[in-house]
Amino acid sequence: MANIIEITDFNAPELDIYARLSENQLLHYHEPIKKGLFIAESPKVIERALNAGCVPVSMLLERKHIIGEARDIIARCGHIPVYTADSDVLTQLTGFQLTRGTLAAMYRPALPTVEEICRGARRVAVLENVMNPTNVGAIFRSAAALNMDAVLLTPACSDPLYRRAIRVSMGTVFQIPWTFLDCTCNEHTKAPVTATASAPSTTSEQETTYLQPLKDLGFRTAAMALSDDSISIDDPRLNAEEKLAIVLGTEGDGLASSTIADCDYTVRIPMTHGVDSLNVAAASAVAFWQLGKK
């Protein structure tokens with residue numbers, strides 16, 4: 001039986017997770033006992049989170065969805081509190097219009113190791129310092145749709161479980177395995193952004209150690225970066241690789257030069273009209289489509 005609770009007090013502490021806590025506060029909520037919380041938005045996204053084994057804490061939704069779109073979700077969540085009110089009340093509480101009128105707070109799952117999610121993988125995406133949650137969410141959606149087996153992120157990347165990243169990904173952050181890499185690269189010299197790549201480089205100002213676990217697992221690495229000696233993304237050598245990691249950098253700065261030097265290939269997306277680069281999310285979709293072919 002659902003535990004439906006009508007909202008009568010905006011200041012109720014149990015509503016803090018929806019209305020007053022930042023993403024960082026949610027990340028550390030309940031520590032050190034538990035791993036923090038995240039917020040999933042819309043019935044489809046919540047369903048994908050549940051399918052992935054995520055454990056709900058409570059829900060916040062428009063009253064009409066109790067017997068509407070969220071009915072099956074509520075039934076799956078057991079006896080957790082389900083806070084409800086009309087749409088205008090929820091907008092006043094949260095400060096924004098709810099997507100499909102439904103939010104769920106869930107415990108953050110424990111992250112797997114690189115070895116666990118790359119075991120048996122053929123194609124993985126590596127994100128270096130991609131800090132925009134919209135781009136992270138879009139990259140996950142492309143990765144899930146276009147045959148990537150996993151996504152790995154450096155610690156400076158936006159968290160895939162930030163609300164906006166989850167929403168933009170349409171919940172695919174729960175469908176494709178991911179984890180954070182250990183990153184000891186402190187080099188700040190960057191190459192221009194994401195739209196390209198090149199033949200293997202051998203020199204580096206500073207060793208990029210976060211790629212080493214992938215190399216130990218037999219992956220060859222392809223840096224998406226502008227370079228005079230780049231190879232085209234449709235070069236047959238790339239698709240011939242049994243295991244390939246596609247490394248993408250943040251828009252504006254791109255990949256660290258040490259990362260490019262540490263990769264086996266630097267790869268270019270051929271372009272016209274004098275355009276030299278794409279937004280990292282757009283470039284990832286092109287790269288995944290080409291390099292994820294089976």
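Please read all numbers here as calculations on a predicted model, not as lab measurements.
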Undergrad: When clusters are formed by joining ILVMFWY residues with side-chain heavy atoms under 4.5 Å apart, either directly or through shared neighbours, do M148 and L278 land in the same one?
TA: yes
Undergrad: Enumerate the residue pairs fulfilling salt bridge (Lys or Arg N to Asp or Glu O under 4.0 Å) with a member in residues 14-27, sequence neighbours excluded, ordered by first and then second residue.
TA: D16-R20
Undergrad: Mind checking the CD1-OG1 spacing from I139 to T134? Nearest 0.5 Å is all I need.
TA: 11.0 Å
Undergrad: Closer than 3.5 angstrom, by distance alone: can the side chain of D149 be matched with the main-chain N or O of V124 as a donor-acceptor pair?
TA: no
Undergrad: Is the backbone N or O of D253 less than 3.5 Å from a side-chain atom of T250, with the two atoms forming a donor-acceptor pair by type?
TA: no
Undergrad: Walk me through it: do I246 and M224 pass the test side-chain contact (heavy atoms from CB on, under 4.5 Å)?
TA: CA-CA 7 Å; I246 301 142; M224 303 294 295; 3.9 Å; yes
Undergrad: Can you tell me if Y18 uses its side chain to pair, donor with acceptor, with the backbone of I39 under 3.5 Å?
TA: no
Undergrad: Would you say F140 and S284 make side-chain contact, with heavy atoms under 4.5 Å?
TA: no
Undergrad: What are the two closest heavy atoms between A223 and C263, and how far apart are they?
TA: CB-SG, 3.7 Å
Undergrad: Would you name the heavy atoms of T84 and L61 that are closest together and state the gap between them?
TA: OG1-O, 3.0 Å
Undergrad: Assess whether side-chain contact (heavy atoms from CB on, under 4.5 Å) is satisfied between L238 and I231, documenting all intermediate values.
TA: CA-CA 9 Å; L238 296 169; I231 62 173; 4.1 Å; yes
Undergrad: As an exercise, state the distance from CZ of R71 to NE2 of H65, rounded to the nearest 0.5 Å.
TA: 13.0 Å
Undergrad: Can you see which heavy atom on M59 is nearest to which on C77, and at what distance?
TA: SD-SG, 4.1 Å
Undergrad: Are more than 12 heavy atoms, taken from residues, nucleotides or ligands other than K243, located less than 6.0 Å from that residue's NZ atom?
TA: yes
Undergrad: For the side chain of T154 and the backbone of N129, is there at least one donor-acceptor N/O pair under 3.5 Å apart?
TA: yes
Undergrad: Can any side-chain N or O of N279 pair as donor or acceptor with the backbone N or O of A281 at less than 3.5 Å?
TA: yes
Undergrad: Quick one, S158 and N132 - any side-chain contact, counting heavy atoms below 4.5 Å?
TA: no
Undergrad: Could you check whether any side-chain heavy atom of L37 comes within less than 4.5 Å of a side-chain heavy atom of V57, counting everything from C-beta outward?
TA: yes
Undergrad: Of all heavy-atom pairs between V126 and L211, which one has the smallest distance, and what is that distance?
TA: CG1-CD2, 4.4 Å
Undergrad: For the pair Y210 and V247, evaluate side-chain contact (heavy atoms from CB on, under 4.5 Å) and give the outcome as yes or no after the intermediate values.
TA: CA-CA 11 Å; Y210 73 82; V247 189; 3.9 Å; yes
Undergrad: For a side-chain contact (heavy atoms from CB on, under 4.5 Å) check, start with the C-alpha distance between I46 and M106, then their side-chain angles and the critical distance, and finish with the verdict.
TA: CA-CA 9 Å; I46 295 168; M106 297 184 164; 3.8 Å; yes
Undergrad: Do T221 side-chain atoms and D264 backbone N/O form a donor-acceptor pair below 3.5 Å?
TA: yes
Undergrad: Going by atom type alone, with no hydrogens or angles, which donor-acceptor pairs under 3.5 Å involve a side-chain atom of residues 170-178 and a protein atom two or more places apart or on another chain?
TA:
unit_1: T172; atom_1: OG1; unit_2: R141; atom_2: N; d: 3.4
unit_1: T172; atom_1: OG1; unit_2: S169; atom_2: O; d: 2.8
unit_1: W178; atom_1: NE1; unit_2: V173; atom_2: O; d: 3.1

Undergrad: Report yes or no: do E47 and N51 form a side-chain donor-acceptor pair below 3.5 Å?
TA: no
Undergrad: Using only atom types and a distance under 3.5 Å, with no angle test, would you say the side chain of T179 pairs donor to acceptor with the backbone of P112?
TA: yes
Undergrad: Any side-chain heavy atom of I17 sitting closer than 4.5 Å to one from S58?
TA: yes
Undergrad: Examine the side chains of S22 and N24 and answer whether a donor and an acceptor come within less than 3.5 Å of each other.
TA: no
Undergrad: Hey, does R122 have a side-chain heavy atom less than 4.5 Å from the side chain of N147?
TA: no
Undergrad: Working to the nearest 0.5 angstrom, can you tell me the gap between K293 NZ and R123 CZ?
TA: 12.0 Å
Undergrad: Is atom CD of E6 surrounded by more than 12 heavy atoms (other residues, nucleotides or ligands) closer than 6.0 Å?
TA: yes
Undergrad: Mind checking the CD-CG spacing from Q25 to L27? Nearest 0.5 Å is all I need.
TA: 10.5 Å
Undergrad: With a 4.5 Å cut-off on side-chain heavy-atom distances among I, L, V, M, F, W and Y, is there a chain of contacts connecting L248 to L244?
TA: yes
Undergrad: In terms of hydrophobic clusters joined by side-chain contacts under 4.5 Å, are L26 and L15 together?
TA: yes
Undergrad: Contact between I117 and L152 at the side-chain level, heavy atoms closer than 4.5 Å - yes or no?
TA: yes
Undergrad: Mind checking the CZ-CG spacing from R167 to L103? Nearest 0.5 Å is all I need.
TA: 9.5 Å
Undergrad: Which heavy-atom pair separates P160 from I166 by the least distance, and what is that distance?
TA: O-CG1, 3.4 Å
Undergrad: Provide the closest heavy-atom pair for V168 versus G137 in the form atom of the first, atom of the second, distance.
TA: CG1-C, 3.9 Å
Undergrad: Would you kindly confirm whether M131 and L153 end up in one hydrophobic cluster when ILVMFWY residues are joined by side chain heavy atoms under 4.5 Å apart?
TA: no
Undergrad: Starting from the C-alpha separation in whole Å, work towards a yes-or-no answer on side-chain hydrogen bond (donor to acceptor under 3.5 Å, both in side chains) for S227 and R268.
TA: CA-CA 8 Å; S227 175; R268 177 186 68 256; over 6 Å; no
Undergrad: Are V136 and F180 connected into the same hydrophobic cluster when the rule is that any two of I, L, V, M, F, W, Y join if their side-chain heavy atoms are below 4.5 Å apart?
TA: yes
Undergrad: With rounding to the nearest 0.5 Å, note down the distance linking OG1 in T102 to NZ in K44.
TA: 13.0 Å
Undergrad: For the backbone of A256 and the side chain of E128, can you confirm whether one donor and one acceptor N or O come within less than 3.5 Å of each other?
TA: yes
